[in-house]
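In each ligand, atom 1 is the first atom listed, and ligand 1 is the first ligand listed. The shown structure was predicted, so the numbers you read here are calculated from the model rather than taken from an experiment.
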Amino acid sequence: MERQVKDYFDLTGKVAIITGGAGLLGRKHAEAIAEAGGIPVIADIDSSGATQACQDISKRYQLDCLGVITDITRRQSIEQLLTQVLEHYKRVDILINNAAHNPKVEATGITETEWSRFENFPLDVWQGDMMVGLTGVFLCCQVIGSAMAARGGGVILNIASDLAVIAPDQRIYRKEGLADDNQPVKPVTYSVIKSGLIGLTRYLATYWADKNVRVNAISPGGVYNGQSEEFVQKLTNLIPMGRMAHVDEYKGAVLFLVSEASSYMTGGNLIIEGGRTVW
Ligand SMILES: NC(=O)c1ccc[n+]([C@@H]2O[C@H](COP(=O)([O-])OP(=O)(O)OC[C@H]3O[C@@H](n4cnc5c(N)ncnc54)[C@H](O)[C@@H]3O)[C@@H](O)[C@H]2O)c1
């Protein structure tokens with residue numbers, strides 16, 4: 001029988017590694033995989049978070065889910081992850097590079113001091129952010145992507161940000177009562193890392209095009225997660241659709257990009273941000 005369009009979204013039997021899968025969006029990527037019949041592998045440095053996320057998914061979808069404690073800044077840790085996945089499932093089809101340092105506006109203390117300002121930005125924070133957000137992705141692609149290429153195919157999805165496409169509007173992070181040179185800002189590393197991921201996406205898309213490994217990126221806008229009313233107001237003023245994203249709102253795009261539904265797409269960057277970059 002001829003395949004129907006919904007068949008292109010089917011992930012039955014496909015194994016997907018999600019780095020940072022215990023986090024806010026990583027769990028949603030794992031749900032998207034599970035809902036399409038795939039097997040999510042949650043690879044996260046947070047051991048209790050990875051175990052909990054896996055238990056929740058197994059229970060909710062009645063399927064196998066593997067949680068593997070992984071530090072993506074260490075090549076050996078990624079090699080162990082791959083070995084464990086291959087032992088369990090004999091295959092890996094999808095890699096979602098999602099883990100990153102993502103300082104939350106809603107968490108107190110993170111962007112409340114002057115440390116985030118470019119002039120004062122500490123070298124060790126720069127290096128720590130780079131290690132996870134860029135070097136970690138490079139290592140995951142090198143270890144897991146190379147295995148896919150050797151096996152004859154696979155899909156890589158890099159999670160970037162609308163801040164890969166536009167500069168942060170630092171006015172939205174301002175706190176009343178602080179001097180200008182003490183105002184918190186979105187860290188420089190965030191822009192550099194997310195822009196770098198788009199370059200890595202294009203590089204690998206062409207590098208592995210003849211190996212049947214497709215590599216794409218998604219650039220999501222900010223997710224509502226209990227941020228202050230003032231911050232939400234300032235941010236949504238910059239968004240034509242007038243709101244932040246719901247946490248579930250990227251699942252459809254993630255499924256599109258990791259499934260056969262996007263079979264003719266590689267090196268692309270799907271921008272989903274309520275129109276923010278269009279203004
Ligand atoms: N939340 C948003 O509004 C938003 C918007 C656009 C893009 N993004 C991007 O989406 C991705 C997920 O964001 P989030 O909000 O879910 O972040 P999060 O902080 O909730 O989750 C990140 C996860 O990565 C894990 N992690 C950190 N270092 C690691 C390491 N060395 N090895 C393995 N895992 C590690 C953490 O333990 C955590 O579970 C990030 O790349 C972020 O930049 C988020």
inquiry  = If the test is side-chain contact (heavy atoms from CB on, under 4.5 Å), which one of Leu95, Leu81, Ile33, Thr19 qualifies with Val41?
reply    =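 The residue from Leu95, Leu81, Ile33, Thr19 that satisfies side-chain contact (heavy atoms from CB on, under 4.5 Å) with Val41 turns out to be Leu81.
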ask   = When Ile18 is tested against each of Asp44, Leu25, Ile94, Ile96 for side-chain contact (heavy atoms from CB on, under 4.5 Å), which residue passes?
value =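 The single option meeting the side-chain contact (heavy atoms from CB on, under 4.5 Å) with Ile18 is Ile96.
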ask   = With a 4.5 Å limit on heavy-atom distance, are the side chains of Ile42 and Cys65 in contact?
value =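 The answer is yes; the side chains approach within 4.5 Å.
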query = Does Asp180 come within less than 4.0 Å of Arg117, counting only side-chain N to carboxylate O?
reply =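 Judged by the 4.0 Å cut-off on N to carboxylate O distance, Asp180 and Arg117 do not form a salt bridge.
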message = Taking the basic N atoms (NZ, or NE/NH1/NH2) and the acidic carboxylate oxygens, is any pair closer than 4.0 Å for Glu230 and Lys234?
response =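 Salt bridge between Glu230 and Lys234, a charged N being under 4.0 Å from a carboxylate O: yes.
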Could a heavy atom of [X] be found less than 4.0 Å from some atom of ligand 1?
{"X": "Gly136", "result": "no"}
{"X": "Gly21", "result": "no"}
{"X": "Ser77", "result": "no"}
{"X": "Gly49", "result": "no"}

Does the N or O separation between [X] and ligand 1 drop below 3.5 Å for any pair?
{"X": "Asp71", "result": "yes"}
{"X": "Leu25", "result": "yes"}
{"X": "Leu24", "result": "yes"}
{"X": "His101", "result": "no"}
{"X": "Ser161", "result": "no"}

key: All side-chain hydrogen bond (donor to acceptor under 3.5 Å, both in side chains) counterparts of Ser161, not counting sequence neighbours   =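 Counting only residues at least two positions away or on another chain, Ser161 forms no side-chain hydrogen bond (donor to acceptor under 3.5 Å, both in side chains).
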Which of the numbered atoms in ligand 1 are below 4.0 angstrom from a heavy atom of [X]?
{"X": "Gly222", "answer": "3 (O)"}
{"X": "Asn98", "answer": "10 (O), 11 (C), 12 (C), 40 (C), 41 (O)"}
{"X": "Asp46", "answer": "37 (O)"}

Under 4.0 Å from ligand 1, counting heavy atoms only, is it the side chain of [X], its backbone, both or neither?
{"X": "Thr70", "answer": "backbone"}
{"X": "Ile72", "answer": "both"}
{"X": "Met131", "answer": "neither"}
{"X": "Ala245", "answer": "neither"}

request  = Establish, from distance only, whether the side-chain atoms of Glu35 and Tyr61 form a donor-acceptor pair under 3.5 Å.
outcome  =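 A donor-acceptor contact under 3.5 Å links the two side chains.
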request  = Kindly assign one of parallel, tilted or perpendicular to the pair Trp126 and Phe121, based on the angle between their ring planes and the thresholds 30° and 60°.
outcome  =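 Ring orientation, 0 to 90° scale: perpendicular.
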query = So, does Ser146 use its side chain to make a donor-acceptor pair with the main chain of Val143 at under 3.5 Å?
reply =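 A pair under 3.5 Å: no.
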inquiry  = Are there over 12 heavy-atom neighbours, none belonging to Arg151, within less than 6.0 Å of that residue's CZ?
reply    =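 Count over threshold, so yes.
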request  = Could you name the option among Ile159, Thr19, Val132, Ile69 that has the heavy atom nearest to atom 10 (O) of ligand 1?
outcome  =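 Among Ile159, Thr19, Val132, Ile69, the closest heavy atom to atom 10 (O) of ligand 1 belongs to Ile159.
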